[in-house]
Amino acid sequence: MRQVKIATWNINSVRMRRLIVERLLNEAAPDVLFLQETKCQDGQFPVADFRKLGYDHVALNGGRGGYHGVAIVSRLPLADVQVREFCEKVGDPRHISAVIGEGNSAFRVHNFYVPAGGDEPDATINPKFDHKLRFLDEMKDFLPTAGGGLPDVVVGDLNVAPHEHDVWSHKALMKIVSHTPIECEKLEAVRSSVGYVDIARRFVPLEEKLYSWWSYRAKDWRAADKGRRLDHIWAHPNMAARVSDFRILKDARDWDRPSDHAPVVVSIEV
DNA sequence: ATGTCCCTGACCCAGGGA
């Protein structure tokens with residue numbers, strides 16, 4: 001019996017933040033790191049830097065490079081890497097998945113970057129919000145059939161803070177994209193379509209404030225603490241009991257030239 | 001709460017995206 005440690009992090013440009021990715025690999029030492037918003041074409045990804053640290057297995061979906069982009073950086077082999085397009089959008093890299101482990105302990109991890117959705121929470125006038133809602137609907141249809149017999153884990157920047165205490169003020173954010181009722185309902189519908197367990201809330205009660213993102217725009221993000229829990233790790237119901245050591249590495253929000261998201265980490269028994 | 005940060009493309013700044 002051993003533990004596989006996984007981390008998910010919206011890095012907001014992997015080239016700009018190569019050094020703090022290395023810091024995470026050195027200090028938190030995940031076996032597998034799932035990145036979102038790499039903003040990097042596959043040929044520009046700093047593969048050699050991570051390989052030096054023992055992360056020999058890299059799977060990329062970077063598209064044309066400027067926007068979005070997801071990646072997997074691993075010191076364990078990655079099998080059957082798959083990339084799926086959502087909402088029939090070409091060049092909109094928001095998903096990559098791979099199988100980790102072997103035999104009875106193998107599982108697939110889906111790494112998602114859900115569309116942010118723009119500012120106006122009205123799908124009739126804001127195409128970005130419409131895209132976000134359609135993306136969530138498509139996830140709900142996709143995931144129940146995506147496992148291929150293996151249990152799976154969903155990680156990533158899902159860009160929705162679904163519960164009251166996943167935001168600094170439920171009342172203030174009810175009409176703000178990321179916490180509107182329709183988004184929260186749709187994200188919960190995705191999760192319950194397979195019965196995934198929201199690992200963060202298995203370890204931290206729903207009544208307790210819990211965030212993974214703090215805006216760059218706050219003067220003192222830590223003092224203001226106006227955060228949102230946008231980054232998630234969900235485990236298949238058959239796997240949830242194998243997940244432990246949940247942490248949000250809030251200190252990384254203060255590293256040199258930080259991302260506005262903090263890494264989320266768990267260990268999985270294999 | 002209109003603030004900050006990163007991208008691209010074109011040229012050291014504007015506009016889009018988050």
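Numbered from 1 within each chain, the chains take letters A, B, ... in sequence-line order. Since we're looking at a predicted model, the values are computed, not measured.
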> If only atom types and distance count, is the side chain of Thr180(A) paired as donor or acceptor with the main-chain N or O of Val177(A) below 3.5 Å?
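Side chain of Thr180(A) to backbone of Val177(A): no pair is present.
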
> Nearest-Å distance, CD (Glu120(A)) to C1' (dG17(B))?
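Rounded to whole Å, this separation is 17 Å.
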
> Of the non-hydrogen atoms in Arg64(A) and Val90(A), which two are nearest, and what is the gap between them?
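Minimum heavy-atom contact is NH2-O, 4.3 Å.
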
> Rounded to the nearest Å, what distance is computed from the CD atom of residue Glu37(A) to the P atom of nucleotide dA18(B)?
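Rounded to the whole Å, the gap is 7 Å.
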
> For the side chain of Arg242(A) and the backbone of Ile268(A), is there at least one donor-acceptor N/O pair under 3.5 Å apart?
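No, because the side chain of Arg242(A) does not come within donor-acceptor range (under 3.5 Å) of the backbone of Ile268(A).
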
> So Arg94(A), base contact, sugar-phosphate only, or nothing? Heavy-atom distance under 4.0 Å.
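If one applies the 4.0 Å heavy-atom cut-off, Arg94(A) turns out to touch the sugar-phosphate alone, with no base involved.
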
> Would you jot down, in residue-number order, the residues of residues 209-225 of chain A having a non-hydrogen atom under 4.0 Å from DNA chain B?
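Those residues whose heavy atoms fall under 4.0 Å from DNA chain B, taken from residues 209-225 of chain A in numerical order, are Tyr216(A), Arg217(A).
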
> Rounding to a whole Å, what distance do you find between Arg253(A):CZ and dC5(B):P?
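These atoms are roughly 9 Å apart.
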
> Starting at the 5' end of DNA chain B, which residue's closest nucleotide do you reach first, Arg17(A) or Trp168(A)?
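The answer here is Trp168(A).
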
> Of Lys186(A), Arg84(A), Lys132(A), which is the lone residue that meets salt bridge (Lys or Arg N to Asp or Glu O under 4.0 Å) with Glu138(A)?
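Among Lys186(A), Arg84(A), Lys132(A), the one meeting salt bridge (Lys or Arg N to Asp or Glu O under 4.0 Å) with Glu138(A) is Arg84(A).
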
> Under the side-chain contact (heavy atoms from CB on, under 4.5 Å) rule, what do Tyr113(A) and Glu37(A) come out as? Steps first, then yes or no, please.
CA-CA 7 Å; Tyr113(A) 176 54; Glu37(A) 280 209 86; 3.2 Å; yes

> For the rings on Phe112(A) and His232(A), is their centre-to-centre separation under 6.0 Å?
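Here the rings of His232(A) and Phe112(A) have centres that are no less than 6.0 Å from each other.
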
> Take atom CG of Asn10(A) and atom P of dG17(B), then tell me their distance rounded to the nearest Å.
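Going from Asn10(A) (CG) to dG17(B) (P), I get 17 Å.
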
> Measure from NE2 on His261(A) to C1' on dG17(B) and round the result to the nearest Å.
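For the pair His261(A) NE2 and dG17(B) C1', the rounded distance is 12 Å.
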
> What is the distance from CD1 of Ile11(A) to P of dA18(B), rounded to the nearest Å?
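After rounding, the gap between these two atoms is 18 Å.
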
> Taking atom C1' of dA18(B) as reference, at what distance in whole Å does atom CG of Leu158(A) sit?
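Going from CG in Leu158(A) over to C1' in dA18(B) covers 16 Å.
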
> Kindly indicate whether a cation-pi arrangement holds for Arg253(A) with Trp221(A), taking the cut-offs as under 6.0 Å to the six-membered ring centre and within 45° of the axis.
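Yes, cation above the ring, under 6.0 Å and within 45°.
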
> Within the side chain of Arg247(A), is there an N or O that forms a donor-acceptor pair under 3.5 Å with the backbone of Val265(A)?
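Not a single qualifying donor-acceptor pair exists.
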
> Quick test of your reading of the model: are Arg202(A) and Asp198(A) salt-bridged, counting only N-O distances below 4.0 Å?
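No.
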
> With C1' as the reference atom in both, quote the distance from dG16(B) to dA10(B) in angstrom, rounded to an integer.
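Taking atom C1' in both dG16(B) and dA10(B), they lie 15 Å apart.
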
> Rounded to whole Å, please give me the gap between CG in Asp119(A) and P in dA18(B).
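Value for this atom pair: 10 Å.
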
> What string of B, S and - do you get for nucleotides 7-16 of chain B 5' to 3' if you count protein non-hydrogen atoms under 4.0 Å?
SS--------

> Which comes earlier along DNA chain B counting from the 5' end, the contact point of Pro258(A) or that of Pro115(A), where each point is its nearest nucleotide?
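Here Pro258(A) is the residue nearer the 5' end.
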
